[in-house]
Amino acid sequence: MAYLPSNILLTPEEMARADRMSAESGIPSFGLMRRAGYAVAATALSHFPAAVRFAVLCGPGNNGGDGYVAARQLADGGAEISVHALGDPDDLKGDAALAFQLWGGSVAPLREFQPQPGDVVIDALFGAGLSRKVSDEIAGVISSVERAGVPVLAVDLPSGVDGRSGKPLGAAFKAHCTITFMTRKPGHLLLPGKSLCGDIEVADIGIPRRIIEAAGGSISENGPPIWSAHLPFVGADSHKYRRGHLAVFSGETSKTGAARLSAIAGLKTGAGLVTLASPEDAMAANAAQLTAVMLKKVDTNAELSDWLENAKLSAFVLGPGFGVGSRARDFVLALKDSPLVLDADGITSFRDDPAILFDAFEDGETHLVLTPHDGEFGRLFPDIAADETLSKPDKALKAARRAHAAIVYKGADTVIASPDGRVAINTNGPPWLATAGSGDVLAGMIGAFLAQGLPAFEAAAAGVYLHGEAAGLAGPYMTAEDLAGQAGHAMADLVARF
Ligand SMILES: NC(=O)C1=CN([C@@H]2O[C@H](COP(=O)(O)OP(=O)(O)OC[C@H]3O[C@@H](n4cnc5c(N)ncnc54)[C@H](O)[C@@H]3O)[C@@H](O)[C@H]2O)[C@@H](O)CC1
Ligand SMILES: Nc1ncnc2c1ncn2[C@@H]1O[C@H](COP(=O)(O)OP(=O)(O)O)[C@@H](O)[C@H]1O
Ligand SMILES: [K+]
């Protein structure tokens, strides 16, 4: 594993920049390629000690160069090797040409490759330099390997996967494991790339940390380095008002459960007080099911204004089970100067004129968090959602800038983005988060972090991470109630780590 802080990600463009910067600082680039190739060989031997043959498939760029170095190293160790190349190896340039010379053995054309039982494919066709759809010939090789069922070790990325977006360009290998260099790329974490990489190893090939950090931009894996400095600690001098007062808006009688899930999750995430603001007709239903969470009747705009003036409220959650329409819009506009998590129906209420929402929250520090899943994202940002050239992080960032909000673009690969350019990809959410009401719990967690004073992006990212940790504690077949119930334990674990 690399020595680097593990949450840094580099896009392929940033990795190429790191490569250039290290060459400029005097580090020989062929040394990097050699170490990359050695790392591939070592991973191949440790993962597949019983391989009958390593079939190394080499592309026309430096990814292929890594493949030639690995082939030489494995052959020197006594392994059976075949090498197949895309294009004429005599056309290779720079380090890849040197690596081809180092290999020095025979090379067959890629189209002649026939996977055999006992083969392990070392996929060194394309890595960071994949720039267009793969040809039918390459797609044919990928499908013949898949049909043969032989394992694939991908060098840098499974060929065909776009390292920026995780999307396959035409076709892509499904690897048993992937070895990448210095840092992972967004495409290793985003779907479907994540599911095509298998186990991911990161090898340190000797690019100095300062260069990685200087070349790296804004995308990282979501985790404590992003927000732990802001985590609230409960000390002896804590007072419940100092821990913030979160207000969650309930829907009508038949739709109160979602807001209660948010409210309970908010309390367990450490908000000092949580009040459920309920329409009169839902007061009895809510009262019957709440204890530590307080209840306040709020039906009209006037009642809301009065409450905002007279109560000490730190942050708000609006949307879960709230109902779509003008009441939601009016309430949100009344809250425009407060930290707010807008989820579910709250988001959908602005589908006809999203600019009203975006304009309302334009002033001051970012204090709105939007938590759309795919469907809701498309309602607020239809043009961004439809743009096939954008990755999920690109989409989240564009949306954040337009909406003046931290965006939590949910899914199995949730992305959190800030208008200031920071983007985090979340990886700790288990698949059993796909259960009714889990988004409501997330909204409450983020609301509680806002109430405790975290800035919008940090609150959003910490909330998404806590949600994943709580789901891990709750285990498969959990319900959203179980998830909310684990928020306190997940918080205690987190705070104990820092
Ligand atoms: N610091 C670094 O960046 C290092 C990178 N290394 C390796 O270098 C790789 C990147 O090398 P390159 O930038 O040369 O890129 P690649 O080797 O990934 O691919 C570039 C080549 O493929 C061609 N190509 C792109 N898409 C194609 C398609 N669909 N069909 C046919 N040809 C296509 C391009 O014209 C170019 O010749 C990394 O993935 C990694 O494996 C290592 O050698 C070590 C150091
Ligand atoms: N396969 C998955 N793996 C990890 N997290 C998931 C998966 N599917 C959904 N989630 C997470 O579960 C939550 C579901 O929220 P949402 O779509 O609003 O559902 P609901 O409205 O039922 O609460 C989101 O935080 C989402 O990121
Ligand atoms: K590859």
Side-chain angles (χ1 to χ4, degrees), residues 10 12 14-23 27 29-37 39-40 57-67 69 86-87 91-96 99 122-135 137-138 152-161 163 169-170 172-173 175 178-182 185 191 203 205-207 211-212 215 258 261-262 319-321 343-344 347 371-376 408-415 426-443 445 463-464 467-468 471 480 483:
L10 292 189
E14 289 167 341
M15 195 67 205
R17 192 184 313 153
D19 206 12
R20 278 198 305 278
M21 288 169 72
S22 55
I27 297 166
S29 58
F30 191 57
L32 299 179
M33 183 175 283
R34 269 237 284 266
R35 285 192 285 277
V40 172
L57 311 183
C58 294
N62 289 334
N63 197 247
D66 298 346
V69 175
L86 175 68
D91 293 342
L92 291 170
K93 307 246 168 1
D95 292 335
I122 297 185
D123 156 29
L125 288 176
F126 310 110
L130 181 75
S131 54
R132 54 190 187 275
K133 271 178 80 165
V134 301
S135 65
E137 180 194 341
I138 299 165
V152 175
L153 165 59
V155 179
D156 200 10
L157 287 153
S159 294
V161 172
L169 295 181
F173 279 111
T178 296
I179 174 156
T180 189
F181 310 115
M182 301 312 300
K185 303 186 171 57
L191 286 170
I205 57 170
I207 301 178
I211 290 183
I212 296 288
L261 282 171
S262 295
D343 184 40
I347 293 176
T371 54
H373 54 53
D374 262 326
E376 289 155 357
V408 176
Y409 189 171
K410 293 188 293 195
D413 53 355
T414 295
V415 172
N426 196 62
T427 56
N428 74 339
W432 52 88
L433 273 175
T435 182
S438 94
D440 307 327
V441 171
L442 174 64
M445 290 172 164
V464 172
H467 194 231
L483 179 63

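Just so you know, ligand 1 is whichever comes first in the structure, and atom 1 is the first atom listed for that ligand. Keep in mind that this is a model prediction, so the values were computed, not measured.
- Within ligand 1, counting atoms from 1 as listed, the ones closer than 4.0 Å to a heavy atom of V134 are 29 (N).
- Across A471 and L433, no two heavy atoms sit closer than the pair CB-CD2, 3.6 Å.
- Qualifying side chain to side chain donor-acceptor pair (under 3.5 Å) partners for T414, counting only residues two or more places apart in sequence or in other chains: none.
- Closest heavy-atom contact between L92 and P60: CD2-O, 3.5 Å.
- To the nearest 10 degrees, the angle centred on the K ion (ligand 3) between OG in S159 and O in L157 reads 100°.
- From L57, atom CG reaches atom CZ of F126 across 11.0 Å, with rounding to the nearest 0.5 Å.
- Residues K410 and D343 meet the side-chain proximity criterion, which asks for heavy atoms closer than 4.5 Å.
- Here's the thing with A36: none of its N/O atoms is less than 3.5 angstrom from an N/O atom of ligand 1.
- Of the polar atoms of A128, at least one N or O is found under 3.5 Å from an N or O of ligand 1, judged by distance alone.
- When non-hydrogen atoms are compared, ligand 1 lies under 4.0 Å from neither the backbone nor the side chain of L169.
- Taking each heavy atom of V408 and V464 in turn, the nearest pair found is CG1-CG2, 3.6 Å.
- Here the CG atom belonging to L169 is positioned 11.0 Å from the CD1 atom belonging to I138, to the nearest 0.5 angstrom.
- From L10, atom CG reaches atom CD1 of I207 across 8.5 Å, with rounding to the nearest 0.5 Å.
- Taking both residues in full, the closest heavy atoms of S262 and A443 are given as OG-CB, 4.2 Å, listed atom of the first, atom of the second, then distance.
- The single protein non-hydrogen atom nearest to atom 18 (O) of ligand 1 is G127 N, 2.6 Å, given as residue, atom name and distance.
- When non-hydrogen atoms are compared, ligand 1 lies under 4.0 Å from the backbone of K133 (N, CA, C, O) but not from its side chain.
- To the nearest 0.5 angstrom, L125 atom CG is 6.5 Å from L86 atom CG.
- Side chains of P158 and T178 form a contact here, defined as non-hydrogen atoms less than 4.5 Å apart.
- Minimum heavy-atom separation, A436 to A480: O-CB, 3.4 Å.
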For residues 14-22, tabulate all N or O donor-acceptor pairs below 3.5 Å that involve a side-chain atom, not counting sequence neighbours.
unit_1	atom_1	unit_2	atom_2	d
E14	OE1	T11	N	3.0
E14	OE1	T11	OG1	3.4
E14	OE2	G217	N	2.9
R17	NH1	A215	O	3.1
S22	OG	A18	O	3.1
S22	OG	D19	O	3.0

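- For N62, the side chain to side chain contact (heavy atoms under 4.5 Å, CB included) partners are M33, D95, A96, not counting sequence neighbours.
- At a 4.0 Å cut-off, not a single heavy atom of G59 sits close enough to ligand 1 to count as contact.
- For the pair G129 and ligand 1, the shortest N or O to N or O distance falls below 3.5 Å.
- For atom 39 (O) of ligand 1, the choice among T180, D156, I179, L10 with the nearest heavy atom turns out to be D156.
- Looking at V69 and R35, their side chains never come closer than 4.5 Å, going by heavy atoms from C-beta outward.
- Of all protein heavy atoms, the one closest to atom 30 (N) of ligand 1 is F126 CZ, 3.5 Å.
- In this structure, atom 14 (O) of ligand 1 lies nearest to the protein heavy atom N62 N, 2.8 Å.
- By the criterion of a heavy-atom distance under 4.0 Å, both the backbone and the side chain of L130 are placed next to ligand 1.
- The residue D95 has no part lying near ligand 1, judged by heavy-atom distances below 4.0 Å.
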- Show the numbers, then the answer: is there a side-chain contact (heavy atoms from CB on, under 4.5 Å) between N428 and N426? CA-CA 6 Å; N428 74 339; N426 196 62; 2.9 Å; yes
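- Atom 34 (C) of ligand 1 lies below 4.0 Å from none of the non-hydrogen atoms of the protein.
- The protein non-hydrogen atom at the shortest distance from atom 41 (O) of ligand 1 is D66 OD2, 2.6 Å.
- When only non-hydrogen protein atoms are considered, atom 1 (N) of ligand 1 lies nearest to D19 OD1, 3.3 Å.
- To the nearest 10 degrees, the angle centred on the K ion (ligand 3) between O in V155 and O in D123 reads 90°.
- Of the protein's non-hydrogen atoms, I205 CD1, 3.6 Å is the one closest to atom 45 (C) of ligand 1.
- From the protein, the heavy atom lying nearest to atom 36 (C) of ligand 1 is P60 CG, 4.4 Å.
- Here the straight-line distance linking atom OG1 of T371 with atom OH of Y409 works out to 13.0 Å at 0.5 Å rounding.
- For G127, every N, O or S atom stays at 3.4 Å or more from the K ion (ligand 3).
- Among protein residues, H373, K410, G411, A412, T414, G429, P430, P431, L433, A434, T435, A436, G437, S438, G439, D440, L442, H467 come within 4.0 Å of ligand 2, judged on heavy atoms.
- Of the protein's heavy atoms, S131 N, 3.1 Å lies nearest to atom 26 (N) of ligand 1.
- For ligand 1 and I207, the ligand atoms under 4.0 Å from any heavy atom of the residue are 1 (N).
- With a 4.0 Å heavy-atom cut-off, ligand 1 is reached by the backbone of N63 and by its side chain too.
- From D156, atom CG reaches atom CG of L130 across 11.0 Å, with rounding to the nearest 0.5 Å.
- At a distance under 4.0 Å, no protein heavy atom can be found next to atom 5 (C) of ligand 1.
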